[in-house]
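Here is the naming used below: chain letters follow the sequence lines, and residue numbers restart at 1 for every chain. None of these values were measured; they are calculated from a predicted model.
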Amino acid sequence: MTDVPSLRAALLDWYDAHARSLPWRAPPGATTKTAPYRVWLSEVMLQQTTVPHAAPYFERFTTRWPTVADLAAVEDAELMAAWAGLGYYARARNLLACARAVTAEYGGVFPQTETELLALPGVGAYTAAAVAAIAFDQPANVVDGNVERVMSRLFALETPLPAARPELRRLAALFVYDDRPGDWAQALMDLGSGVCRPRSPLCDQCPLAFGCEGLKTGTPERYPLKTKKAERPHRRGHAYVLTDGSGRVALVRRPDKGLLGGMAGLPTSDWSAAPEFTPPVDAGWSAAGSVEHVFTHFSLTLEVHVAEGGGDDFLWTPAEEAAKALPTVFRKALERGLAAA
DNA sequence: GAGACGTGGGG
DNA sequence: TCCCCAAGTCT
């Protein structure tokens, strides 16, 4: 059977020697844990997001807003602009809601139980467990994509994702002890990210190789098995770059729900197989070419149109500021339009 | 359970 | 070029 204590000891020893140094991380064995605010903020930023992409955002956020109370006081539009480019914008809306909840309901002090954390906006099973383990050193079962991959290989689990999730959680829980729970969680994620990698695992460097069933099969990279996902459809749309002749561009605020919800955007048509050309104002519109963008569940070709004009229904924003506040798809379209104008 | 929800990097 | 993916959450 699986020698859980030996595997645990091997990975913690490995972590003591190989832990990555990250802006939000306390060194292995540190008695002073990272402040819960920083753990929470980093965990939200890291959801489906790589460390190199999230790190500069983390530095900017913590410099600008050193405490959760500082963050709670920020205007919605300012927060959304600061998040622009990071993606999954519901995270930003929930981040603000969570900061305000912690400030209003807990006096600016993060709750320490997994149950209370889980009730906060944008905090799901993974993040609640991660904050409990990393910030408060509680024996929480922290299961993310890395942990799922490590467990599926360690046990050569033949059940494909996502059906395997409950079983993978159960396996991960076998290793959760009262001893160094925060380090354990981070060790597992570092291993998954640096050694037990998705495509080409470095099994000759793996501290768990001695007990890995996946390695014994000869093809550990086959795990975790996954069920095929649906093909990505393609849509088209028009984007309108309206300028006022003095360097400002017309933006709109998108509805809170749905794609790019709560973000600033360019005026656009519907996005569909055959979008209608319905510019926001009558003006001398001219074509400026197109830009391509790929979202998680569809790809998009945006025909960019430019004109000079006015109107009261817009957020007239200096082009440079607009580029920074816009999600990437609109930043591309704006650049295209400005280059053609 | 399945689909919505971004982006940039790597093989 | 294309496809996969990265520390998920919500509905």
Check for me whether Arg91(A) meets the cation-pi criterion with Tyr88(A), that is, NZ or CZ under 6.0 Å from the six-membered ring centre and within 45 degrees of the ring axis.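 That pair does not qualify as a cation-pi contact.
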Please confirm whether Arg254(A) makes a cation-pi placement over Trp271(A), using NZ or CZ under 6.0 Å from the six-membered ring centre and within 45° of the ring normal.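 Ring-cation test returns yes.
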Taking only the P atom of each, what is the distance from dA6(C) to dC5(B) in whole angstrom?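 About 23 Å, rounded to a whole number of Å.
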Whole-angstrom distance between dT9(C) and dG8(B), as gauged at atom P: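 Rounded to whole Å, the distance is 22 Å.
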Can a salt bridge be assigned to the pair Arg8(A) and Asp179(A) using a cut-off of 4.0 Å between side-chain N and carboxylate O?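 Yes.
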DNA chain B contacts among residues 37-68 of chain A, heavy-atom distance under 4.0 Å: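 By residue number: Gln48(A), Thr49(A), His53(A).
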Quick one, which residues of residues 156-186 of chain A touch DNA chain B with a heavy atom under 4.0 Å?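 Output list: empty, so none.
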Without decimals, in angstroms, what is the distance between Arg232(A) CZ and dT1(C) C1'?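 These atoms are roughly 13 Å apart.
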Between dC5(B) (C1') and Arg235(A) (CZ): distance, integer Å: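 Rounding to the nearest Å, CZ of Arg235(A) and C1' of dC5(B) are 12 Å apart.
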For the residue pair Phe110(A) and Trp40(A), is the inter-centroid distance of their aromatic rings smaller than 6.0 Å?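 Centroid distance Phe110(A)-Trp40(A): below 6.0 Å, so yes.
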Between Phe58(A) and Phe61(A), does the ring centre distance come in under 6.0 Å?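 Distance test on ring centres: not under 6.0 Å, no.
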Using only side-chain N and O atoms of [X], determine if any of them is under 4.0 Å from OP1 or OP2 of [N].
| X | N | answer |
| --- | --- | --- |
| Thr127(A) | dT9(C) | yes |
| Tyr89(A) | dT7(B) | yes |
| Lys229(A) | dC5(C) | yes |
| His297(A) | dG3(B) | no |
| Arg93(A) | dT9(C) | no |
| His293(A) | dG6(B) | no |

Would you say the side chain of Arg199(A) and the base of dC4(C) hold a donor-acceptor pair, judged only by whether the two atoms sit under 3.5 Å apart?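 Looking at the base of dC4(C), it does pair with a donor or acceptor on the side chain of Arg199(A) (distance under 3.5 Å).
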Cut-off 3.5 Å, side chains only: do Tyr126(A) and Glu43(A) have a donor facing an acceptor?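 Short answer, yes.
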Between Arg165(A) and Glu148(A), does a salt bridge (Lys or Arg N to Asp or Glu O under 4.0 Å) hold up when you go through it step by step? CA-CA 8 Å; Arg165(A) 291 246 149 79; Glu148(A) 288 181 348; 2.6 Å; yes
Heavy-atom distance under 4.5 Å between the side chains of Thr278(A) and Tyr240(A), does that happen here?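 Answer yes - side chains close enough.
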Looking at Pro28(A) and Arg180(A), what are the two nearest heavy atoms and their distance?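 Heavy atoms of Pro28(A) and Arg180(A) come nearest at CB-NH2, 4.0 Å.
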